[in-house]
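By convention in this document, chain letters (A, B, ...) are assigned in the order of the sequence lines, proteins followed by strands, and residues within each chain are numbered from 1. No experiment lies behind these values; they were computed from the predicted model shown.
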2 protein chains.
Amino acid sequence: MKTSFSYEGIKKKGYKVTRQREIILDILRKANVHLSADEIYIKAKSRSPGIGLTTIYRTLEMLYNLGYVNKYDFGEGRARYELNDTMVETCKHHHHLVCLRCNRVIDYTDFVPQETELITKTISGISRKYGFKVQTHIIQFYGICKECQKRKNKNGRL
Amino acid sequence: MKTSFSYEGIKKKGYKVTRQREIILDILRKANVHLSADEIYIKAKSRSPGIGLTTIYRTLEMLYNLGYVNKYDFGEGRARYELNDTMVETCKHHHHLVCLRCNRVIDYTDFVPQETELITKTISGISRKYGFKVQTHIIQFYGICKECQKRKNKNGRL
DNA sequence: TTGAAAATGAAAACCAGTTTCAGTTACGAG
DNA sequence: CTCGTAACTGAAACTGGTTTTCATTTTCAA
Ligand SMILES: [Zn+2]
Ligand SMILES: [Zn+2]
Ligand SMILES: [Zn+2]
Ligand SMILES: [Zn+2]
């Protein structure tokens, strides 16, 4: 555990830097997918077998309250987490494409031209119209991914 | 229960029109907010005390599979449902502003012009780049509503 | 070094949602 | 209008993710 770049923010808020939290943060930092609490637990256990699932949840909540992780619901009945760009400079803000057939989630950061600009304008428009101060947003497109389009349509709403 | 305008779609798919389903549909039709399964259950029970929560869940799932209701997660740990515009002509497609302090959810249908442009361009961009066929989307802005901005900031991430 | 506040892990509790199953109902074929 | 059957129902048990409880341990500023 060498990179201590973000621990200051944690200490400043009165939270303590523990071995468990270092491990969880490291796992999140290295992940390039959205992890569930349970997936983090498995990974953490292999490094520190005594760690408890409760600690995973508590740490994720702390990081969420600090605004360091995003928490997503892709309709699987459990949350998924990822460090956001306030924490990791390599993690760029992105949106999601969720396949309704295979449940795969595609992140995309390479927004179509003008998308970023349009979002900025939309946010300021919302602020003007509704007096609502936007902090974050979630944009998810649901549909059928390229691979699934090749397969035969099975039952369901798809 | 007079309005039977949408029951044909249900029958056509091999589902039966039962008294319970009529009640649930009627509750959804009259609601002007997003209801949770439990809230629907309370309302339904006052009309038909014998109704079971299981039936609420099963009916909502059926309606979701038929594409008649939208299912949302606003981070409360339970789903919320509403009839969409395929079912109710008065219900227009909308996006959400979720207040992080008071948890109120504001629907808005009068998008700022840039927002409509954003959606159109993004969907066609996604189709071109990823071969992803978009069916629906969810756009939620999280922040602080007008009323809460007047109040003092308490602890938390806000 | 040390003490108070914070964090930990195990176990139990919690709770939205699902499954099971025996009895009931809708509804189309006849 | 029967009738048979597939669909539907409600109660109860169950599931699985998340939270709470509590006794013990750890962090870290003074
Ligand atoms: Zn964005
Ligand atoms: Zn797919
Ligand atoms: Zn939209
Ligand atoms: Zn508010």
Nucleotide range of DNA chain C lying under 4.0 Å from chain A heavy atoms: C/dA5 to C/dA11

Earlier contact from the 5' end, DNA chain D, for B/Ile56 and B/Gly14: B/Gly14

Calculate the interatomic distance between [X] atom [atom1] and [N] atom [atom2]; express it in whole Å.
X: B/Lys13; N: D/dC8; atom1: NZ; atom2: P; value: 14 Å
X: B/Leu66; N: D/dA7; atom1: CG; atom2: P; value: 15 Å
X: B/Glu76; N: D/dG17; atom1: CD; atom2: C1'; value: 17 Å
X: A/Lys11; N: D/dA30; atom1: NZ; atom2: P; value: 13 Å

Output all residues satisfying ring-ring contact (aromatic ring centres under 6.0 Å, His included) with [X], sequence neighbours left out; order by chain, then residue number.
X: B/Tyr57; answer: none
X: A/Tyr15; answer: none
X: A/Tyr130; answer: B/Tyr108
X: A/Tyr81; answer: none

For [X], all residues meeting side chain to side chain donor-acceptor pair (under 3.5 Å), sequence neighbours excluded:
X: B/Asp107; value: B/His34, B/His94, B/His96
X: A/Lys43; value: none
X: B/Ser127; value: none
X: B/Lys16; value: none

Criterion ring pair (Phe, Tyr, Trp, His ring centres under 6.0 Å) on B/His93 and B/His137, from CA distance to verdict: CA-CA 10 Å; B/His93 173 72; B/His137 61 258; 4.7 Å; yes

Neighbour count above 12 (heavy atom, 6.0 Å) for A/Lys45 NZ: yes

Which residues share a salt bridge (charged side-chain N to carboxylate O under 4.0 Å, His left out) with A/Glu39, sequence neighbours left out: A/Arg80

Earlier contact from the 5' end, DNA chain C, for B/Tyr15 and B/Ala79: B/Ala79

Heavy-atom protein contacts under 4.0 Å, nucleotides 19-27 of chain D, coded B base, S sugar-phosphate only, - none: BBB-----B

Pairing annotation in dot-bracket form, given for DNA chain C with Watson-Crick or G-U pairs under 3.5 Å and | for cross-strand partners: ||||||||||||||||||||||||||||||

